[in-house]
Amino acid sequence: MDKMHILVTGGCGFIGSNFVRYMLSRHPHAITNMDKLTYAGNLENLKGLESEPRHRFIKGDIANISDVEKAFADDTDIVVNFAAETHVDRSILDPDAFIGTNIYGTYLLLEAARKKGVKKFMQVSTDEVYGSLPPAGKFTEETPLAPNSPYSASKASADLLAMAYWKTFKTPVVITRCSNNYGPYQFPEKLIPLLITNAVENLELPIYGDGLNVRDWIHVEDHCEAIALVLEKGEPGNVYNVGAENERTNLEIVTSILDILKKPHSLIRYVKDRPGHDRRYAIDNTKIHTKLGFKPGRAFKTGLEETVRWYVENRTWWQSIRTGEYLKYYEKMYKDR
Ligand code: NAD
Ligand code: TYD
């Protein structure tokens, strides 16, 4: 692809920061990265890029019109919208920010993109918009949207708005719906980094319900590669599911992590289930494979081992997060559960 100017929103979060690194290291593009730096956004995730002339950071809120106008002041060719409130449990505690950022924020970006006449608007979505699966079957792009949490309902709303901009205004929207990501720089409220960091500190590992809920895991770099591919070759008005065929129960995840770290299984603690807890997610990635040639490169076993090693070696990164607000959240979520 020719050199483009990409507006990345939420580029200081987990997937966004991996994507910024991924794109700068493999493509000639310039990136403007607008991030509100919520509790989940961290400039440390982009350490080393301070002197990279192709990366410009702006602190800003996608749900604030003047911030959005500032972000679009550059010659924006492409928008990749990662910015979102992303944790299901927080959306159960307090959905407000999910509606503001995920729905209204996406609307402001779509409106600015329409006026600017961008070449592509990529809405980074999630398989959670499809709801929960029975033990058999997989999500295809035709599976009806049936979200069950305030988080997934806000993402589904954003998807519908984005598709409406394609249908009504021909804004060249593409949507990716990816399964659960894991890898470096994931905020330690999410399952895998929470389990690793707790295990390293010999703390209990909370598992919701019977531990038999299934998630379909993909390494974050494989997700970044899929997004890059969709940016280059994806057809406007299309949805692409992204997955790597790694279905695991939460119990399988927790025991694998304990085994890698050589910690006892007695650290597992079953706790009260999450309300509305989706039982199973599984992605059918036939479309992105056959139409765009996507093939995830990372085997789950190796990817998980590497990820555990990354958290062990980057203790200062997560220890500086697991203070203040995080501890308050942790207590509210897990104490007496
Ligand atoms: P994250 O919570 O780690 O990061 C979100 C980032 O968005 C943070 O840097 C935060 O500061 C920023 N942000 C939040 N509100 C903002 C606002 N109003 N304006 C500007 N920036 C704001 O999330 P993540 O896991 O990196 O997810 C990124 C995107 O990918 C989200 O849209 C999410 O729905 C989607 N997704 C995530 C997964 C997953 O497994 N993590 C899977 C599929 C899709
Ligand atoms: P999570 O990382 O929150 O992702 P999502 O709910 O968006 O898929 O959770 C992944 C799975 O792990 C989900 O089934 C809920 C479960 N879980 C636990 O059992 N314990 C925990 O402490 C957390 C955070 C999640």
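Numbers here are sequence positions counted from 1. Just follow the structure's listing: the first ligand is 1, and inside any ligand the first atom is 1.
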Using a 4.0 Å cutoff against the non-hydrogen atoms of Y334, which atoms of ligand 2 qualify?
21 (C), 22 (O), 23 (C), 24 (C)
Out of S154, A158, G10, the nearest non-hydrogen contact to atom 7 (O) of ligand 1 is supplied by G10
Please report which non-hydrogen protein atom sits nearest to atom 19 (N) of ligand 1, along with the residue it belongs to and the distance in Å to one decimal place.
I62 N, 3.0 Å
In terms of residue, atom name and distance, what is the protein heavy atom nearest to atom 31 (C) of ligand 1?
F82 O, 3.2 Å
Give the residue, atom name and distance (to 0.1 Å) of the protein heavy atom nearest atom 16 (C) of ligand 1.
K36 CB, 3.7 Å
Give the single entry among T86, L191, N180, N250 that approaches atom 4 (O) of ligand 2 most closely by any heavy atom.
N180
Any heavy atom of Y281 sitting closer than 4.0 Å to ligand 2?
yes
H87 neighbourhood, listing ligand 2 atoms whose heavy-atom distance to it stays under 4.0 Å
3 (O)
Tell me which protein heavy atom sits closest to atom 11 (O) of ligand 1, plus the residue, atom name and distance to 0.1 Å.
D35 OD1, 2.5 Å
Record the part of K155 in heavy-atom contact with ligand 1 below 4.0 Å; permitted values are side chain, backbone, both and neither.
side chain
Nearest non-hydrogen protein atom to atom 36 (N) of ligand 1, with distance, is I15 CD1, 3.9 Å
Ligand-side contact atoms (ligand 2) for residue partner E128, heavy atom cut-off under 4.0 Å
5 (P), 7 (O), 8 (O)
What atoms of ligand 2 come closer than 4.0 angstrom to any heavy atom of E189?
24 (C)
Does a donor on one side chain sit under 3.5 Å from an acceptor on the other, for H87 and Y329?
yes
Applying a heavy-atom cut-off of 4.0 Å, say which part of Y185 lies close to ligand 1: side chain, backbone, both or neither.
neither
Given K190, H277, R274, identify the one with the heavy atom nearest to atom 6 (O) of ligand 2.
R274
Heavy-atom nearest option to atom 5 (C) of ligand 1, drawn from S179, C178, A84, G16:
A84
Taking N or O atoms only and a 3.5 Å limit, does T101 qualify as a polar contact for ligand 1?
yes
Output yes when R298 and E306 qualify as a salt bridge under the 4.0 Å nitrogen-oxygen rule, no when they do not.
yes
Hey, does M333 sit under 4.0 Å from ligand 2 if you only count heavy atoms?
no
Does the distance from a Lys or Arg side-chain N to an Asp or Glu carboxylate O, for R337 and E204, drop under 4.0 Å?
no
Mark yes or no: R215 above the aromatic ring of Y182, with NZ or CZ under 6.0 Å from the six-membered ring centre and no more than 45 degrees from the axis.
no
With backbone taken as N, CA, C and O and side chain as the heavy atoms from C-beta onward, which portion of L37 lies under 4.0 Å from ligand 1: side chain, backbone, both, or neither?
backbone
Do G13 and ligand 1 have an N or O pair less than 3.5 Å apart?
yes
Sub-3.5 Å N/O-N/O distance, H223 and ligand 1
no
Could you find the nearest protein heavy atom to atom 2 (O) of ligand 1 and give me its residue, atom name and distance?
T86 OG1, 2.7 Å
Could you identify the single nearest non-hydrogen protein atom to atom 25 (O) of ligand 1 and state the distance to 0.1 Å?
F14 CD2, 3.6 Å
Can the positive tip of R114 be found less than 6.0 Å from the middle of the six-membered ring of F169, inside 45° of the ring normal?
yes
Return the residue, atom name and 0.1 Å-rounded distance of the protein heavy atom closest to atom 18 (N) of ligand 1.
D61 OD1, 2.8 Å
